[in-house]
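Residue indices begin at 1 and follow the sequence shown.
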Amino acid sequence: RVSAFFLECIDKKIEITEATKNTVKNIIKNCNPNKIYIPLFCDSHDDHKRTNELLWESLKIINLSKNIEIFSYQVYSFVPANYVLDITKKIKNKKKLISFYKSENIRRNWAHWNVGMNAYLSRFLKSSSEKKYAETFIKFDKSKFESLCSRFFKKKKIIYNNKNYF
């Protein structure tokens, strides 16, 4: 079963407070996921970084009996991946979902751009003359994700452009 959650945070103003950490904590505890999908922690978009920081801070206050896998996906650039997923059968749905981001689609046709990226990433799938699409991820176990975030988020003035985040 797959569930998606949107925290209804305001763009460029994602707060990391006890309340937001507890919201994430409760979602994780109630859903008991095996996997969490999130943009890569070092993505160039500040809100994507901030989402990772919020997840990392939330994981610190959760007592989990299992090791969740964190699947970090690329948004703005190609990154080395250790997990590839064939999304050929889901590409139309993905395109439709991306079109819901009205404010973002004013400046760029994100569905077109992203489908092109997924077509390019299909080179990591088994060779075929058919049109294919792939999504790539860097897959971390919870402890590796926490370790990387603990180092990455030490120097907020360097990693964030948004002064609200440091």
Spell out, as yes or no, whether a donor-acceptor pair under 3.5 Å connects the side chain of N118 to the backbone of A134.
yes
Count I, L, V, M, F, W, Y as connected when their side-chain heavy atoms are under 4.5 Å apart, and connections chain through other members. Are V24 and F71 then in the same cluster?
no
Does T51 reach the side chain of I38, with side-chain heavy atoms less than 4.5 Å apart?
yes
More than 12 non-hydrogen atoms from neighbouring residues, nucleotides or ligands closer than 6.0 Å to CZ on R107, yes or no?
no
Give a yes or no answer on whether the side chain of N52 reaches the backbone of P39 with a donor-acceptor pair at less than 3.5 Å.
yes
Does one side chain, of Y83 or E69, offer a donor that lies under 3.5 Å from an acceptor on the other?
no
Identify the heavy atoms of W56 and S150 that sit nearest to each other, and give their distance.
CZ2-CA, 3.4 Å
Reference residue Y37; test ring-ring contact (aromatic ring centres under 6.0 Å, His included); the match among F5, F140, Y73, F137
F137
Would you call D46 and K49 a salt bridge, taking side-chain N to carboxylate O under 4.0 Å as the test?
yes
Tell me if the NZ atom of K12 is crowded by more than 12 foreign heavy atoms within 6.0 Å.
no
Gap separating the CD1 atom of I62 from the NZ atom of K142, nearest 0.5 angstrom
8.0 Å
Could you tell me the separation between the CZ atom of F145 and the CG atom of L55, rounded to the nearest 0.5 Å?
4.5 Å
For a 4.5 angstrom cut-off between non-hydrogen side-chain atoms, does I68 reach K35?
no
Would you say the side-chain atoms of S147 pair up with the backbone N or O of S143, donor to acceptor, closer than 3.5 Å?
no
Note: L125 and Y133 closest approach over all heavy atoms is CD1-O, 3.7 Å
Establish whether L97 and L121 are linked, either directly or via other cluster members, by ILVMFWY side-chain heavy-atom contacts under 4.5 Å.
no
Quick one: CG on N164 to CD on E15, what's the gap to the nearest 0.5 Å?
9.0 Å
Interatomic distance, K157 atom NZ to F166 atom CZ [nearest 0.5 angstrom]:
6.5 Å
Kindly indicate whether the side chain of I61, heavy atoms from C-beta on, has any atom under 4.5 Å from the side chain of N22.
yes
ILVMFWY cluster, Y76 and I138 together (side-chain gap under 4.5 Å):
no
Measure the shortest side-chain to side-chain distance between E53 and K156 over non-hydrogen atoms and say whether it is less than 4.5 angstrom.
yes
Quick check: closest heavy atoms across I98 and A111, and the distance to 0.1 Å?
CG2-N, 3.5 Å
Going by the angle between their ring planes, with limits at 30° and 60°, are W113 and W110 parallel, tilted or perpendicular?
perpendicular
For atom NZ of K94, is the number of surrounding heavy atoms from other residues, nucleotides or ligands below 6.0 Å larger than 12?
yes
Heavy-atom distance under 4.5 Å between the side chains of L40 and Q74, does that happen here?
no
Value for CD1 (I36) from CD1 (I70), rounded to nearest 0.5 Å, stands at 4.5 Å
Any side-chain heavy-atom pair of H45 and V75 under 4.5 Å:
no
Distance in Å, K126 NZ paired with K132 NZ, rounded so as to fall on 0.5 Å steps:
9.0 Å
Linking I/L/V/M/F/W/Y whenever any side-chain heavy atoms sit under 4.5 Å apart, do F152 and I16 land together?
yes
Any sub-3.5 Å donor-acceptor pair from Y165's side-chain atoms to I14's backbone N or O?
yes
Between K60 and E146, the two heavy atoms sitting closest are N-OE2, 4.4 Å
